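Here the structure is a predicted model, which is why all the values come from computation and not from measurement. When reading the values below, keep in mind they use all heavy atoms of this one structure, side chains included, and skip hydrogens, waters and symmetry mates.
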Amino acid sequence: MFTKEQIESAAQYIYQYMAATPQYSWPQINKRVGCSVIVKHENHSPTGAFKARGGLIFANWLRENHPDVEGIITATRGNHGQAQAFATTMAGIKSVIVVPRGNSIEKNNAMRSFGAELIEHGDDFNEALLEVSKLAKERNLFVVPPFHPQIMLGVATYGLELLTSAPDLDRIYVPIGCGSGICGTITARNALGLKTGIIGVVSRQFSAVKKSFESGTIVGTGPSYSFADGMAVRVPIPEAYKIYAKGAERIIDVSDDEIAEATRIYFKDTHNAAEGAGAASLAAALKDRDQLKGKKVGVILTGGNIDTDMFQQILAGKTPTG
């Protein structure tokens, strides 16, 4: 785990390329949840999602520790890839990103615009990940894993911002994909010496993290579909699991219908676009409404990179079904 000073140092590096993101308490959302809610707007980052932070710190670490590297390669459904493309371009490093077939067209276009070479392979994230290992050997590229201590350090800076501004939060709801978000939040909480409860949020269709947390051992699940693709992970990352298994208070699952409703609420009440994983933490807080009276909670709007067609479906009252 990292110290407060290390997270602060990471933040100062990050602020060369992006500003601290805002956090607001929206009256209509407070009314819906039945308590004071602070939304951390990571959808306001340069890449539209929190992962820009981890990408910047990782790219800086890579440049300092592996100066002869020809480029990086990684697998993603979108936000991780955008972050790596953005950050490596800033650092003068080539990026190759592997995405599964049928991935978000708009996220693919964004990754290319940030400077990535994009390769489509496999039917889901796990199959894309296998292709990364093959291409890394063939093309002498540095593999960026879905979870890495330096990525987590960068992500911890949003937790530092939120908890420095609101150290009296009773709990924070954080969506979980590969784990850098929840682990970074736990790291910031611990570094500040606070007792804030950290609640992980997963997709009901991808419940491996919840099952693993509750059973005390890593459990995988089979293929499925959720429009909240940022949480579409079938097997927990062991390094991340070790952190949130100890540091999280509990894990809650939310359905695609609940996430779609939270997406609509964000737009109706705040005029912010939220992608599926970005709306999941609000969906979880709404689900916990009965136990939140008199509390003060934070929800992480992790990203706003939702495809136009999908957003139109949701605003029309539908839930995307793939």
[X] with [Y]: basic N within carboxylate O range, under 4.0 Å:
X	Y	value
E117	R139	yes
D253	K287	yes
R32	D269	yes
D168	K296	yes
K107	E275	yes
E258	R204	yes

For the residue pair [X] and [Y], establish whether any side-chain heavy-atom pair is separated by less than 4.5 Å.
X	Y	answer
H271	Y266	no
L56	Q16	no
L282	V33	yes
S36	K295	no
R53	S45	no
Q82	T76	no
I93	L62	yes
F50	I300	no

Hey, what do you get for [atom1] ([X]) to [atom2] ([Y]), rounding to the nearest 0.5 Å?
X	Y	atom1	atom2	value
I198	T185	CD1	OG1	6.0 Å
N190	T196	CG	OG1	9.5 Å
T319	R264	OG1	CZ	5.5 Å
T3	Q6	OG1	CD	3.5 Å
T263	I265	OG1	CD1	9.0 Å
I7	Y158	CD1	OH	12.0 Å

Using every non-hydrogen atom in the two residues, find where [X] and [Y] come nearest and quote the distance to one decimal.
X	Y	result
I218	P236	CG2-CD, 3.9 Å
A166	I38	CB-CD1, 3.6 Å
R234	G222	CG-O, 3.7 Å
A136	V143	CB-CG2, 3.4 Å
A240	G179	CB-CA, 4.1 Å
A87	A59	O-CB, 3.8 Å

task = Evaluate whether atom CG of L194 has more than 12 neighbouring non-hydrogen atoms of other residues, nucleotides or ligands under 6.0 angstrom away.
result =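 Yes, because the 6.0 Å sphere around CG of L194 holds more than 12 heavy atoms from other groups.
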Could you verify whether a donor N or O on one side chain and an acceptor N or O on the other, from [X] and [Y], lie under 3.5 Å apart?
X	Y	answer
Q84	S95	no
T302	N43	no
S104	E106	no
N272	T270	yes
D256	S226	yes

Cluster link [X] to [Y], ILVMFWY, side chain under 4.5 Å:
X	Y	result
I105	M111	no
V219	V209	no
L153	F86	yes
V155	M1	yes
Y173	W26	yes

Non-neighbouring partners of Y241 that pass ring pair (Phe, Tyr, Trp, His ring centres under 6.0 Å), sequence neighbours left out =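 In terms of ring pair (Phe, Tyr, Trp, His ring centres under 6.0 Å), with neighbours along the sequence ignored, Y241 is linked to Y244.
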Under 3.5 Å, side chain of [X] to main-chain N/O of [Y], donor-acceptor pair present?
X	Y	result
S203	M231	no
T89	F114	yes
S281	V299	no
S165	L162	no

request  = Can you label the angle between the F58 ring and the W61 ring as parallel, tilted or perpendicular, going by 30° and 60°?
outcome  =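 Aromatic pair F58/W61 classed tilted.
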task = Specify whether F267 and F311 have parallel, tilted or perpendicular ring planes, treating 30° as the upper limit for parallel and 60° as the lower limit for perpendicular.
result =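 Taking F311 first and then F267, their aromatic rings stand perpendicular (interplane angle over 60°).
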key: R171 and D288: CA distance, side-chain angles, deciding distance, salt bridge (Lys or Arg N to Asp or Glu O under 4.0 Å) verdict   = CA-CA 11 Å; R171 61 177 65 169; D288 274 355; 3.5 Å; yes
inquiry  = Would L135 and V98 count as a side-chain contact (heavy atoms from CB on, under 4.5 Å) here? Give the steps.
reply    = CA-CA 10 Å; L135 291 176; V98 184; 4.2 Å; yes
task = With side-chain contact (heavy atoms from CB on, under 4.5 Å) as the test, would you mind laying out the steps for L163 and I172 before giving the verdict?
result = CA-CA 10 Å; L163 287 166; I172 301 174; 3.8 Å; yes
task = In sequence, state the C-alpha distance, the side-chain angles, and the governing distance for V233 and F206, and then conclude on side-chain contact (heavy atoms from CB on, under 4.5 Å).
result = CA-CA 6 Å; V233 176; F206 290 88; 5.9 Å; no
key: salt bridge (Lys or Arg N to Asp or Glu O under 4.0 Å) involving K40 - partner list, sequence neighbours excluded   =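 Here the qualifying residues are E161.
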Listed partners of K4 passing salt bridge (Lys or Arg N to Asp or Glu O under 4.0 Å), at least two apart =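 Listed in chain order: E8.
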request  = Decide yes or no on side-chain contact (heavy atoms from CB on, under 4.5 Å) for I57 and I14, but give the supporting numbers first.
outcome  = CA-CA 7 Å; I57 295 302; I14 287 169; 3.8 Å; yes
